Every structure is written in structure tokens, then in C-alpha cells.
Novice: 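Structure in C-alpha cells, see below.
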There are 2 protein chains.
Amino acid sequence: MAATIKDVAKEAQVSIATVSHVVNKTRYVSPKLVGRVNAAIEKLEYYPNMLVGGLRSKQTFSVGLVLPSISNETFGKLAETIQKLFLRERYSLIICNTSNDYELEVSALNTLIMKSVDAIIIVPSTQIAEKIIEIKNRGIPIILVDRDIKHIGLSTVTVNYRASTYNAVNYLIENGHSEIGYIDRAKELSHSMHQRDGYIAALKDAGININPNNYIRCQGYDYQDGVDAVQTLIRNNPAITAVLAYYDVTALGAIRGIVDSGYSVPEDISVIGCDNMPFTGALVPRLTTINFPIDAIADAVLDITLKSLENRDYIKTLEVEGALIIRDSVTKPRFSLNR
Amino acid sequence: MAATIKDVAKEAQVSIATVSHVVNKTRYVSPKLVGRVNAAIEKLEYYPNMLVGGLRSKQTFSVGLVLPSISNETFGKLAETIQKLFLRERYSLIICNTSNDYELEVSALNTLIMKSVDAIIIVPSTQIAEKIIEIKNRGIPIILVDRDIKHIGLSTVTVNYRASTYNAVNYLIENGHSEIGYIDRAKELSHSMHQRDGYIAALKDAGININPNNYIRCQGYDYQDGVDAVQTLIRNNPAITAVLAYYDVTALGAIRGIVDSGYSVPEDISVIGCDNMPFTGALVPRLTTINFPIDAIADAVLDITLKSLENRDYIKTLEVEGALIIRDSVTKPRFSLNR
DNA sequence: ATGAAAGCGCTAACAG
DNA sequence: CTGTTAGCGCTTTCAT
């Protein structure tokens with residue numbers, strides 16, 4: 001069916017070695033033969049088979065990207081950005097969704113091994129490192145993104161969630177808030193801890209004591225969970241004047257929950273989200289949120305991947321900063337001493 | 001480095017053929033040898049190389065998915081759904097983003113040829129069929145999704161946009177609207193036409209004459225373009241009482257534009273969107289919108305792909321229905337005769 | 001400057 | 001029931 005290197009060689013009256021070298025520019029071939037070969041390639045619509053090429057050269061130019069979900073706008077955008085960056089280097093991406101499920105993650109990683117990917121980029125679904133270590137031991141470069149697993153000596157690109165959360169809380173404190181609610185994700189992940197650390201540290205540094213009523217964990221990952229969480233928070237501590245949510249969608253739910261409870265945002269309760277998803281700039285009020293620095297992450301991932309491919313021992317750990325995007329959902333509290 | 005079939009054969013003291021047959025369950029092997037082989041596989045952490053397997057068997061168990069963007073929530077969700085469905089059949093997906101750019105589409109398709117994918121699923125970026133026909137002629141099953149290209153004899157799964165738009169407009173008419181604005185996408189695509197057809201047909205069937213002032217094309221694809229478009233619409237025809245937008249994000253912009261113009265939704269102007277994106281159910285008012293039937297599309301795509309793989313001549317054209325999701329953004333107009 | 005040929009890891013005849 | 005072997009399409013020595 002489709003033409004192979006043999007067909008091209010025959011058509012161009014040269015050896016298959018010459019065709020290979022013309023295609024890959026891997027040794028000098030006289031202009032005459034180059035012309036004949038290219039003409040034959042054109043005529044036969046020949047496309048080299050990268051996979052079988054990799055059989056000997058040990059490169060398939062495929063990279064695996066494993067993440068919880070690409071239908072989430074943030075991860076979707078990250079996947080797209082990484083994909084475009086890698087395309088320029090001739091790599092294509094095999095994308096696998098794990099839904100934060102370890103079984104699915106293992107199955108995805110197994111598939112990627114069988115597909116002989118050159119490297120794997122993963123947003124780990126859990127702290128379980130077993131399979132990831134197996135990949136590493138196979139000699140496949142594997143890069144952790146957004147969530148780290150400590151002490152297994154792997155390249156990691158994360159966001160400095162501690163600092164960004166600290167900044168966000170501090171911004172609220174500077175605006176006169178002290179009863180600041182925190183809505184945490186349903187399941188603990190590596191960055192949950194860092195975010196909480198930042199929250200607590202900012203309060204402590206400002207001499208504000210920690211009120212356990214101001215902390216709540218969502219039941220799930222949807223909008224509605226944000227509604228429910230904020231209403232519990234308000235019930236537990238009616239004096240709350242600000243809320244920080246671990247995720248913009250949760251923040252959206254929180255706003256709804258606040259409004260449904262008869263309060264307004266930001267006049268009664270200020271809200272800060274996290275991720276800077278596209279819709280947050282379109283809300284009324286426009287949401288103040290912590291940026292998820294997609295481009296910086298993608299750039300770092302590409303850089304580390306390429307270097308790891310050149311040098312199997314290359315390891316780099318990078319923390320990028322998530323800036324606070326100040327918009328309209330935070331004001332000074334009505335009854336603040338600052339007023 | 002990683003173990004190969006040879007290593008396993010040596011370890012298990014059998015021939016490589018036996019290993020292959022144990023792995024693929026492709027002929028009877030005595031329990032004794034099966035045991036030895038599986039033990040060796042376990043011990044050596046052997047994973048068969050699917051790519052080189054495909055070298056002879058002519059199957060790589062990779063499928064290409066080419067679409068404009070996975071960071072768009074709708075396409076992202078579609079990609080994820082398709083990915084999960086194919087995973088069950090042991091296929092992995094190579095996802096390529098085209099940004100609706102024909103050059104990128106061609107480059108993506110070339111890559112997929114070189115990766116020897118078993119089939120290609122594509123949301124075409126343009127009406128240019130050249131490359132797609134080349135793929136078809138190579139014998140690679142290729143399935144068009146969401147946008148069709150006529151008369152090239154390819155399997156196609158589309159949404160019946162004409163009917164769904166007709167229904168939506170008709171719903172507005174039933175509610176007493178007659179000055180109904182339509183906000184169209186910036187660039188013409190196959191379904192733009194069908195949507196417009198439905199819009200016009202519904203008006204005609206109701207005996208409402210077409211007012212060119214009620215039609216506008218967006219400048220771009222963002223939220224802000226919806227704001228601008230609706231304001232132009234209102235300026236050109238202050239009597240407008242309803243607006244249909246081709247895309248939920250545009251509808252979101254339209255709502256903002258209407259509010260900023262001093263009117264309210266739906267009391268002064270009703271709004272209908274398209275796609276039923278997750279956020280639309282969370283808006284105030286909750287957006288009435290035309291559903292994009294992701295599951296139905298994904299199911300059909302899987303079905304057609306598998307059948308095309310079995311039978312290279314298999315062709316199927318399917319139109320799935322996009323139901324109107326009735327929520328809160330449409331009411332009877334203030335000054336309607338129906339009141 | 002070019003070609004011949006070995007072999008990458010595997011499947012599928014073919015033998016026995 | 002199991003093993004031997006010829007390729008699949010390509011890269012890469014090794015010759016010339």
C-alpha cells in the first residue's frame with residue numbers, strides 16, 4: 001500500500017541507505033542523487049515510518065503526557081501548550097487521562113511503555129511512587145508536574161503554592177480582613193499541604209490566631225461543592241469577611257453560595273480563587289485569583305525533557321511563581337477597623 | 001536496557017514464538033510453559049513493544065485525534081470522552097491541535113502518517129479536502145467530526161445544527177419573540193451555514209420576515225466579541241427582544257453587553273447559547289442553550305472507527321441531535337402581543 | 001560518495 | 001504442542 005523506503009530506492013535507482021541518508025540528512029549525498037531521491041519521494045508520496053526508525057535509533061519522537069483530565073480548562077490549556085511546544089521539536093504527544101485514579105494512571109503508564117515513548121510527563125494522581133520509579137528504572141525520563149513526590153530523585157516542575165497562597169492571604173489581611181475562610185480540596189494532594197501552609201503562615205505572621213471554623217474541605221470537585229462549603233463556613237462563623245478557594249470553580253460556587261445566603265461579594269464577603277481560569281475575568285465581580293503559570297510550566301517541561309533526553313542523568317527541580325491577579329472580588333470589610 | 005522477547009525466551013527456556021503466543025494468546029501453549037513464560041515476564045518486567053509488533057501485524061493501536069483545540073472545554077471533554085472509550089479497546093490517542101489553521105492541520109496529519117496510526121478522527125479546520133483525501137487514499141480510515149466536507153465519501157459524525165437551531169428559534173417565537181438577533185461566528189465553517197439555515201427557516205415558517213439588522217458576525221472567538229456584537233445588534237435594532245449566539249462564551253459576552261447597555265436578561269432581552277458548556281448552568285440567569293451531544297458523538301466515532309478497521313470500505317454518515325436545554329435566560333418579551 | 005547487509009523486536013508462516 | 005525462520009521498514013556499521 002503506502003510506499004516504503006525500498007520503493008523509493010527502486011524508483012530513484014539508489015540504495016535504501018542513500019534514501020535514508022537523504023531523508024535524515026545524515027551523510028553527504030551528491031546533489032544528483034538527492035534530486036532523484038526527492039523526486040521519487042514526492043512521486044510516491046513516501047513518508048518515513050518513525051516507529052520502525054526508532055527500532056534501531058531508539059527514538060520514537062513520541063512523548064507521553066499523563067494528567068487527571070484535559071476537559072478541565074486549566075489542564076487542557078497546559079496540555080495544548082505543551083503539545084505545541086513539543087511539536088516544534090518534532091515530538092508528538094500521547095495524552096492519557098487518569099481522573100486522579102491510580103489504577104488508570106498505572107494502566108496509562110503501561111501503555112506508554114509499550115508505545116516506547118521517549119519520555120513521560122506526568123501530573124501524578126497520588127503520592128504512590130511505585131510505578132513511576134519503575135519507569136525511571138527502565139531509563140525513561142519522567143518529569144513530574146504540578147504535584148511532587150519527594151525523595152525519589154525526579155525532575156519536577158511545580159508552582160510555589162505556599163508563596164502564592166501566603167501572598168493571597170496577606171493581601172486579604174492588608175485589606176483589613178482577619179476572619180478568613182479557606183475552602184480546601186476534597187482529597188489531599190501534595191500541593192494541598194503547601195497551600196494550607198501558606199494560609200496558616202500568613203495568618204500567624206500577622207498575629208491572627210487560627211480559627212478551625214474557618215477551614216473546610218469540599219465534598220467533591222464541582223461548582224455545587226463550593227456552594228455547600230461556603231454556606232457551612234458562614235454558618236460556622238458568621239463573622240467571616242473573606243474566603244479563599246483552592247480552585248476557581250469552587251470560588252464561583254462560593255460566590256453563588258454567598259449571594260444565596262443573602263450577602264454580597266465583595267461588599268460583605270471578599271473571595272479569592274485559584275488558577276485564573278478564563279471565565280474568572282468575565283464574572284461580575286471579576287474574580288481576584290492566583291494565576292496558574294501555564295507558559296512558564298510548559299517551557300520548563302520542554303527544557304527539562306529535551307535535556308533529559310540528551311543526558312539521562314539530568315535532573316532539575318523547578319518551582320515557578322503563581323502571581324496574585326488582583327481584580328474586583330476583594331474589598332475592605334464593612335466593619336473593619338481600617339475604615 | 002528494557003527486556004525484550006528474546007530475554008524472556010531465554011529466561012523461560014522457550015522459543016520467542018512461544019513467548020509471543022503466550023503474550024497474545026494466539027495459539028495453545030501448555031500450562032507448564034505458560035507458567036514459565038509468565039514468571040519470566042514478571043521477573044524481567046517485560047512489556048511487549050506494540051510498535052514493532054505493528055510492523056508485521058499492521059496495527060499500532062494508535063489513533064490520531066485532530067481538532068482545533070483541547071483547551072476549549074467542549075472539545076476538551078470530547079477528546080477526553082473519546083480517549084476513554086478507545087482506551088477500553090486498547091487504543092491510545094495521539095492528540096493534535098490545529099487552532100483551526102490548515103497548515104497546522106496538514107502538519108498534524110503528516111505526523112500521524114509517520115506514526116502509522118491505525119485511524120484518524122478529525123474535526124476539520126477548513127473545507128479544504130486535499131490532505132484528507134490523500135490520507136483516505138493511503139488506506140487510513142479517517143472520520144470527520146462536527147464539520148463535514150461534502151462529496152468526498154468519508155464517514156462523518158455531525159450534529160444536526162439546522163434542526164437544533166430551528167428548534168431554538170422556534171422556542172423563542174413560541175414565547176412571543178419576533179425581533180430575534182443572531183450572532184454568528186467570525187469564520188464560516190460547514191455548520192455555520194446549517195445554523196443560519198435553521199434560523200432563517202424558523203423565521204420564515206412563522207411568517208416573520210428577515211431583518212438583516214438582526215444578523216451579525218463576531219470579530220473573533222472571545223467573550224469580548226460577544227459583548228461587542230450584541231451592542232452593535234442593539235444599536236442597529238433597538239426593538240430586539242432575543243438573541244441567539246453560536247457559542248456559549250459568545251452568549252456570556254452577549255449577556256454582559258446587554259447588561260452594560262442598561263437592559264436585563266431575560267426581562268428585556270432573552271438569550272440562547274450553544275454547546276451547553278458546564279458554566280452555563282451556573283450563570284445567573286442559568287443559560288438556555290443548545291446541547292452539544294458529546295457522548296453520542298464519541299460513541300458513534302468509536303463504533304465507526306472499529307468497523308472501518310475491520311472493513312476498509314465501511315462508510316457511515318450520522319447526524320446526532322442537539323437538544324435545546326431550557327433554563328432561565330428566555331422569557332416572553334415585555335411588550336409582546338402574547339402578554 | 002555510495003552500497004550491502006546486519007539487525008532492531010516482533011509476528012506469522014512453516015516444519016516437525 | 002513447540003521451535004525455526006523469514007521478513008516488516010528502517011538505521012547504521014562496514015566495505016568499497
Side-chain angles (χ1 to χ4, degrees), chain A residues 1-38 40-41 44-62 90 112-118 138-140, chain B residues 1-38 40-41 44-62 90 112-118 138-140:
Chain A
M1 182 138 293
T4 72
I5 198 171
K6 248 190 207 165
D7 303 318
V8 176
K10 195 182 295 173
E11 173 75 25
Q13 315 238 58
V14 297
S15 72
I16 61 168
T18 299
V19 177
S20 173
H21 285 122
V22 169
V23 168
N24 301 304
K25 304 190 197 312
T26 167
R27 85 177 177 196
Y28 179 87
V29 178
S30 68
K32 199 175 81 180
L33 292 198
V34 170
R36 291 223 305 265
V37 168
N38 282 329
I41 287 175
L44 301 178
E45 294 187 335
Y46 168 70
Y47 289 83
N49 182 331
M50 295 182 89
L51 304 180
V52 68
L55 196 54
R56 286 196 67 79
S57 70
K58 288 292 167 206
Q59 270 219 75
T60 57
F61 282 98
S62 300
R90 316 207 298 121
L112 294 175
I113 294 174
M114 298 195 283
K115 297 272 163 153
S116 307
V117 293
D118 295 336
R138 287 192 149 252
I140 304 173
Chain B
M1 184 142 296
T4 73
I5 198 170
K6 250 192 208 163
D7 302 318
V8 176
K10 195 182 295 172
E11 173 75 24
Q13 314 238 61
V14 297
S15 71
I16 61 167
T18 298
V19 176
S20 173
H21 286 123
V22 169
V23 168
N24 301 304
K25 303 187 199 314
T26 166
R27 86 177 175 196
Y28 180 87
V29 178
S30 68
K32 198 176 82 180
L33 292 198
V34 171
R36 290 223 307 265
V37 169
N38 283 330
I41 288 174
L44 302 177
E45 294 187 334
Y46 168 70
Y47 290 83
N49 182 331
M50 295 183 88
L51 305 180
V52 67
L55 195 54
R56 286 198 66 80
S57 70
K58 288 291 171 207
Q59 271 220 74
T60 57
F61 282 97
S62 299
R90 315 206 300 120
L112 293 175
I113 294 174
M114 297 194 285
K115 296 273 163 152
S116 307
V117 293
D118 295 336
R138 288 190 148 252
I140 304 173

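Per chain, numbering begins at 1; letters A, B, ... match sequence-line order. Keep in mind that this is a model prediction, so the values were computed, not measured.
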Novice: Out of dT2(C), dC10(D), dG9(C), which nucleotide sits closest to the side chain of I5(A)?
Specialist: dC10(D)
Novice: Let me know, please, whether L55(B) or Y28(B) comes out on the 5' side of the other along DNA chain D by nearest nucleotide.
Specialist: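 Comparing both residues, the 5'-ward one is Y28(B).
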Novice: Q13(B) has an atom CD; how far is it from atom P of dG3(D), in whole Å?
Specialist: 10 Å
Novice: Look at K6(A) and dC8(D) and indicate whether a side-chain polar atom (N or O) is within less than 4.0 Å of OP1 or OP2.
Specialist: yes
Novice: In whole angstrom, what separates Y46(A)'s OH from dG9(D)'s P?
Specialist: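 That distance rounds to 10 Å.
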Novice: Of all the heavy-atom pairs spanning I16(B) and K6(B), show the shortest one and how long it is.
Specialist: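 Scanning both residues completely, I find the closest heavy atoms to be CG2-CA, 3.9 Å.
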Novice: Over how many whole Å does the gap from F61(A) atom CZ to dT11(D) atom C1' extend?
Specialist: 13 Å
Novice: Which one, dA5(C), dT2(D), dG9(C), comes nearest to the side chain of V52(B)?
Specialist: dG9(C)
Novice: Taking only side-chain nitrogens and oxygens of S20(A), does any of them come within less than 4.0 Å of OP1 or OP2 of dT11(D)?
Specialist: yes
Novice: What is the distance, rounded to the nearest whole Å, between atom CD1 of I16(B) and atom P of dT11(C)?
Specialist: 9 Å
Novice: Quick one: which of dC10(C), dA1(C), dG3(C) gets closest to the side chain of S30(A)?
Specialist: dA1(C)
Novice: Taking only N and O in the side chain of Y47(A), is any of them less than 4.0 Å away from OP1 or OP2 of dC10(D)?
Specialist: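 Answer is no, no contact under 4.0 Å.
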Novice: What contact category does V19(A) fall into here, base, sugar-phosphate, or nothing, at under 4.0 angstrom with non-hydrogen atoms?
Specialist: nothing
Novice: Starting at atom NZ of K10(A), determine the distance to atom C1' of dC10(D), rounded to an integer number of angstrom.
Specialist: 16 Å
Novice: I want to confirm an ordering. Mapping R36(B) and P48(A) to their closest nucleotides on DNA chain D, which one lands closer to the 5' end?
Specialist: R36(B)
Novice: Does N49(A) place a side-chain N or O at less than 4.0 Å from the phosphate oxygens OP1/OP2 of dC8(D)?
Specialist: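 Checking N49(A) against dC8(D): no side-chain N or O falls below 4.0 Å of OP1 or OP2.
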Novice: Kindly give the heavy-atom pair with the smallest separation between I41(B) and V23(B), and that separation in Å.
Specialist: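 Smallest interatomic distance, heavy atoms only, reads CD1-CG2, 3.8 Å.
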Novice: When you get a sec, tell me which of dA4(C), dT4(D), dG9(D) is the closest nucleotide to the side chain of A17(B)?
Specialist: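 Among the listed nucleotides, the one closest to the side chain of A17(B) is dT4(D).
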Novice: In whole angstrom, give the distance that lies between atom CG of L51(B) and atom P of dC10(C).
Specialist: 10 Å
Novice: If you compare every side-chain N and O of T4(B) against the phosphate oxygens of dC8(C) (OP1, OP2), does one of them come in below 4.0 Å?
Specialist: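 Answer is no, no contact under 4.0 Å.
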Novice: Can you name the nearest heavy-atom pair linking E11(A) to A40(A), along with the distance?
Specialist: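 Smallest interatomic distance, heavy atoms only, reads CG-CB, 3.4 Å.
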Novice: Would you indicate which nucleotide in dA4(C), dG3(D), dC10(C) comes nearest to any side-chain atom of L33(B)?
Specialist: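 Nearest listed nucleotide: dG3(D).
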Novice: Report yes if at least one side-chain N or O of K58(A) is closer than 4.0 Å to OP1 or OP2 of dG9(C); otherwise report no.
Specialist: yes
Novice: Hey, does the side chain of T18(A) come within less than 4.0 Å of dG3(C)'s phosphate (OP1/OP2), counting only N and O?
Specialist: yes
Novice: Does any N or O in the side chain of R36(A) come within less than 3.5 Å of the main-chain N or O of Q13(A), such that one atom is a donor and the other an acceptor?
Specialist: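 A pair under 3.5 Å: yes.
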Novice: So which nucleotide from dC10(D), dG3(C), dG9(C) ends up closest to the side chain of V14(A)?
Specialist: dG3(C)
Novice: Taking NZ from K25(B) and P from dT11(C), how many angstroms apart are they, rounded to a whole number?
Specialist: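 Taking atom P of dT11(C) as the reference, NZ of K25(B) is at 13 Å.
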Novice: Separation of H21(A) atom NE2 from dT12(D) atom P, in whole Å?
Specialist: 7 Å
Novice: When you look at K115(A) and S62(A), which way does the side-chain contact (heavy atoms from CB on, under 4.5 Å) test go after all the steps?
Specialist: CA-CA 8 Å; K115(A) 297 272 163 153; S62(A) 300; over 6 Å; no
Novice: Counting only heavy atoms not in R138(B), do more than 12 sit closer than 6.0 Å to its CZ atom?
Specialist: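 Count over threshold, so yes.
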